[in-house]
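Just so we're on the same page: letters track the sequence lines, and every chain starts at 1.
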Amino acid sequence: MKKTLLGHVRKCLENCYTEGTLSSGIMPEIVIEVPAHAEHGDFATNVAMQLAKPEKKAPRQIAEILVKEMGAQKDLFEKIEIAGPGFINFFINKDIWRKSLKSIVLAGDNYGKGTTGNGKRVQVEFVSANPTGPLHIGHGRGAATGDAVASILTAAGFEVVREYYINDAGNQMDTLGRSVYLRYCELLGKTIEFPENCYQGDYIKDIARDLITKFGSRYLDTSDEEAIPVFAKLGGDIILQGIKQDLEDFGVVHNTWFSEQTLFDSGKVAEAISYMQQNGYIYENEGALWFRTTDFGDDKDRVVVRGNGVTTYFASDIAYHKEKYERGFDWVIDVWGADHHGYVPRLKGIVQGLGRDANDLKIILVQLVSLLRDGVPVAMSTRSGEFVTLKEVVDEVGRDAARYFFLMRRSDSQLDFDLELAKSQSAENPVYYVQYAHARICSIFESAVEKGIAPEDFSTIPLIKLDTAEELSLIKFLGQFPEVVEGSALNFEPHRITYYLQELAGLFHSFYNKHRVIGEDPELSAARLLLLKCTAQTLKNGLLLLGVSAPERM
RNA sequence: GCGCCUGUAGCUCAGUUGGAUAGAGCAACGGACUUCUAAUCCGUAGGUCAGAGGUUCGAAUCCUCUCAGGCGUGCCA
């Protein structure tokens with residue numbers, strides 16, 4: 001709707017230029033928006049104000065010229081008004097609005113999808129937690145965000161791949177192996193001293209127990225050099241399996257699991273370093289190799305290969321991101337915890353060093369989650385092993401509530417996650433508010449089917465009787481969904497969908513409380529059923545983008 | 001010290017990329033179920049958009065400075 005209007009305004013402006021009623025010939029970027037107040041129309045544009053300067057005319061005067069030109073389209077508009085400093089307010093013919101319902105029914109599960117992405121290839125890399133411990137609640141927010149961003153981009157017409165990067169090459173794997181091995185020895189009766197820098201959590205003991213079942217006491221008296229790599233490998237595998245399981249239970253499925261180690265095995269790290277060397281971004285100083293990230297706005301240059309010849313994590317990142325683009329992705333999106341924000345400039349440096357635009361890499365920073373129970377903070381510390389896992393949260397509040405809560409806020413802002421609130425089946429809980437709207441509509445349809453009044457063919461229902469304020473605002477709001485999806489995609493902001501759905505559910509609940517759907521007038525009932533069918537469809541499509549279910553009964 | 005993020009109603013947060021009278025939910029107060037789901041709805045009240053300058057027809061939104069909170073600032077990952 002907005003797009004046809006935009007085309008119409010542009011055409012009229014062109015006509016004014018050819019007819020000579022306007023003279024500047026300037027074609028500004030035309031903005032059509034939905035005004036905050038209904039009395040300002042269905043849509044409004046500020047184009048007359050934008051043209052005031054080049055045309056050297058008062059905005060209202062320009063508006064009048066444009067409106068005269070646009071008035072020709074009588075069937076599209078109910079009226080066009082000039083208001084305030086020079087806004088042009090459009091009131092769309094109600095029949096056009098009503099007809100839009102039929103296109104929603106026709107689109108069905110595809111309603112909301114668009115073609116903005118134009119098949120552009122996008123990789124979303126998210127979660128990517130080190131395989132040294134189970135996922136905690138912070139990873140949960142990253143998982144929900146990455147997954148929703150991927151779904152929303154897909155809906156907007158992008159071709160999306162979800163990827164998990166496994167950090168299985170650094171010395172944290174060595175620490176994992178050592179931690180598991182020490183617990184293994186301990187469980188077999190040996191007195192050990194467990195170092196502070198080892199992983200403290202109880203899950204290490206669980207893995208050690210598994211390995212006792214597997215090995216018995218075979219490694220009890222072997223050297224560390226022999227045992228630790230074995231324990232690191234097996235421990236990492238077990239943890240990674242657990243991570244996969246937790247993600248699956250959370251409804252998140254990655255298309256690819258990319259191992260950091262393979263970058264070393266295939267020589268891609270060395271290759272990437274020499275590539276950057278050839279392009280003059282790497283120099284030697286004090287025995288180490290440095291990447292000139294200051295060329296790209298970083299505070300200081302960063303070490304790629306240490307004095308002792310060992311590469312840094314940053315070296316892997318160069319190779320990994322080079323590899324990503326070589327796989328043909330137009331955009332790469334990394335979802336990180338906000339505590340890693342200091343790494344953004346150097347990653348942007350990599351991308352530019354590869355000869356690409358800095359915007360080809362988008363980094364979504366997800367702020368930390370504070371877990372509360374009835375408003376009281378739950379203590380968390382990865383160091384001591386006292387963290388709340390994603391699994392615990394999902395088990396307690398359910399997948400839908402957990403996902404919705406993680407997506408309710410802009411990822412930029414810190415999130416308070418209240419366990420009791422997420423569980424509560426009350427008005428305070430927005431997940432149920434939205435889901436309830438869907439379930440309510442389904443229940444109405446059940447009742448309509450029982451009474452034999454559910455229409456079989458929605459395309460022939462006359463809609464003229466949909467004329468109350470509640471019905472019309474619901475219809476108009478439904479029409480915004482595709483644009484909301486598009487905006488959400490292009491800005492990588494899933495929370496826009498949650499806000500839209502809450503408002504849509506609210507409009508429906510208001511309508512429901514004021515009007516009966518199944519009544520004496522069969523034509524009105526049928527028309528209202530169509531309206532509700534569209535509402536349920538949109539609620540469902542939106543919830544699906546967030547990875548939240550749309551229950552038919554609650 | 002420097003850098004990034006945040007600051008909007010008592011609380012938790014939106015704010016359509018610079019638009020018209022700044023919006024929701026919760027909490028507070030007062031109402032609505034003999035009907036298709038009350039996990040709902042209707043109404044009342046609540047604001048120096050942290051503060052000060054600037055940019056312009058127009059600023060919560062852009063620029064500068066100040067204040068407050070969080071995070072980061074390794075030849076760790």
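- Taking a centre distance below 5.5 Å and an interplanar angle below 30 degrees as the stacking criterion, A/H40 stacks against the six-membered base ring of B/A20.
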Would you tabulate the side-chain donor-acceptor contacts of residues 470-478 of chain A under 3.5 Å, counting partners in other chains and residues two or more places apart, or write 'none'?
residue : atom : partner : partner atom : Å
A/E470  : OE1  : A/H515  : NE2          : 3.0
A/E470  : OE2  : A/K514  : NZ           : 3.2
A/E471  : OE1  : A/D467  : N            : 3.0
A/E471  : OE1  : A/T468  : N            : 3.0
A/E471  : OE1  : A/T468  : OG1          : 2.9
A/E471  : OE2  : A/R528  : NE           : 2.4
A/E471  : OE2  : A/R528  : NH2          : 3.0
A/S473  : OG   : A/A469  : O            : 3.0
A/S473  : OG   : A/E470  : O            : 3.3
A/K476  : NZ   : A/D42   : OD1          : 2.7

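- Across all strands, A/E29 comes closer than 4.0 Å to no nucleic acid atom at all (heavy-atom distances).
- For the C1' atom pair drawn from B/A38 and B/C11, the interatomic distance equals 25 Å after rounding to whole Å.
- Rounded to a whole angstrom, the distance from the C1' atom of B/G43 to that of B/A14 is 23 Å.
- Rounded to a whole angstrom, the distance from the P atom of B/U21 to that of B/C49 is 15 Å.
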With the sugar-phosphate defined as primed atoms, P, OP1 and OP2, and the base as all remaining atoms, what B/S/- string results for nucleotides 7-15 of chain B, 5' to 3', for protein heavy atoms under 4.0 Å? -----SSSS
Between the protein and nucleotides 41-45 of chain B, list the N/O to N/O atom pairs that are separated by less than 3.5 angstrom.
residue : atom : partner : partner atom : Å
B/C41   : OP1  : A/Y433  : OH           : 2.4
B/C41   : O4'  : A/N513  : ND2          : 2.9
B/C41   : O3'  : A/S510  : OG           : 3.3
B/C42   : OP1  : A/S510  : OG           : 2.8

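- Note on A/H438: nothing from the nucleic acid sits closer than 4.0 angstrom, heavy atoms only.
- Nucleic acid contact for A/A439: base, since at least one base atom lies under 4.0 Å from a heavy atom of the residue.
- For B/C33, the glycosidic angle deviates from 0 by 90° or less, giving a syn base.
- Distance from the side chain of A/S447 is smallest for B/C36 among the nucleotides B/C36, B/A77, B/A20.
- Using a 4.0 Å heavy-atom distance criterion, A/G487 is classed as making no nucleic acid contact.
- Comparing A/V310 and A/V31 by the nucleotide of RNA chain B whose heavy atom lies nearest to each, the residue mapping closer to the 5' end is A/V31.
- As judged by a 4.0 angstrom heavy-atom cut-off over every strand, A/A83 is placed among the base-contacting residues.
- When the C1' atom is compared between B/G54 and B/A59, the two are found 11 Å apart, to the nearest whole Å.
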Which atom pairs link the protein and nucleotides 60-64 of chain B when you take only N or O atoms and keep those under 3.5 Å?
none

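- Using a 30° and 60° split on the angle between ring planes, A/F314 and A/F291 fall in the perpendicular class, above 60°.
- If you take atom C1' in B/C71 and the same atom in B/A28, they sit 36 Å apart, rounded to whole Å.
- Comparing A/I444 and A/V34, the nucleotide of RNA chain B nearest to each residue sits closer to the 5' end for A/V34.
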Find every protein N or O atom lying less than 3.5 Å from an N or O atom of nucleotides 2-4 of chain B, and list the pairs.
residue : atom : partner : partner atom : Å
B/G3    : N2   : A/H341  : NE2          : 2.4

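- Relative ring orientation between A/F508 and A/F511 is described as tilted, the plane-to-plane angle lying within the 30° to 60° band.
- Ion pairing between a basic and an acidic side chain is recognised when a charged N comes within 4.0 Å of a carboxylate O; A/E446 and A/R553 show such pairing.
- With distances taken from any side-chain atom of A/N171 to the nucleotides B/C76, B/C75, B/U21, the minimum falls on B/C76.
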Can A/R141 and A/T145 be said to form a side chain to side chain contact (heavy atoms under 4.5 Å, CB included), step by step? CA-CA 6 Å; A/R141 190 177 186 190; A/T145 304; 4.2 Å; yes
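- Classification of the A/F296-A/Y281 ring pair by plane angle, with boundaries at 30° and 60°, yields tilted.
- Within the nucleic acid shown, A/K451 has no heavy atom closer than 4.0 Å to any nucleic acid atom.
- If you check B/A20, B/A39, B/A77 against the side chain of A/H340, the one that comes closest is B/A77.
- With both ends at atom P, the span from B/G23 to B/A9 equals 14 Å, rounded to whole Å.
- Comparing B/C71, B/G19, B/A39 by their nearest atom to the side chain of A/P85 picks out B/G19.
- In this structure, A/I363 and A/F492 have side chains that are not in contact, with every pair of non-hydrogen atoms separated by 4.5 Å or more.
- Nearest to the side-chain atoms of A/E286 among the listed nucleotides B/A20, B/C75, B/C5 stands B/C75.
- Using a 4.0 Å heavy-atom distance criterion, A/F445 is classed as making no nucleic acid contact.
- At a cut-off of 3.5 angstrom, counting only N and O atoms as typed in the model, there is a donor on one side and an acceptor on the other between the side-chain of A/N46 and the base of B/G19.
- For A/N89 against B/A20, a side-chain-to-base donor-acceptor contact under 3.5 Å is present.
- Comment: A/D334 engages A/K324 in a salt bridge, judged by a side-chain N to carboxylate O separation of less than 4.0 angstrom.
- Heavy atoms of A/A437 sit nowhere under 4.0 angstrom from any nucleic acid atom.
- Atom P of B/A27 sits at a distance of 12 Å from the matching atom of B/C41, rounded to the whole Å.
- Residue A/Y343 places its side chain closer to B/U73 than to any other of B/U73, B/A20, B/C75.
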Would you please test A/Y165 and A/N167 for side chain to side chain contact (heavy atoms under 4.5 Å, CB included) and show each step? CA-CA 6 Å; A/Y165 181 55; A/N167 297 119; 3.1 Å; yes
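- Phosphate proximity of B/C57 to A/K53: present, with a side-chain N or O under 4.0 Å from OP1 or OP2.
- Proximity of A/Y436 to the phosphate of B/A39: a side-chain N or O atom is located under 4.0 Å from OP1 or OP2.
- When side chains are defined from C-beta on, A/D521 does not count as touching A/S525, because their heavy atoms never get closer than 4.5 Å.
- Pairs of Watson-Crick or G-U wobble type, with distances under 3.5 Å, assemble into runs of 3 or more in RNA chain B at these ranges: B:1-7 with B:67-73, B:10-13 with B:23-26, B:28-32 with B:40-44, B:50-54 with B:62-66.
- B/G72 and B/C29 are spaced 42 Å apart, taking the P atom of each and rounding to whole Å.
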List the steps, then state whether salt bridge (charged side-chain N to carboxylate O under 4.0 Å, His left out) holds for A/E55 with A/K53. CA-CA 5 Å; A/E55 287 288 334; A/K53 218 168 229 178; over 6 Å; no
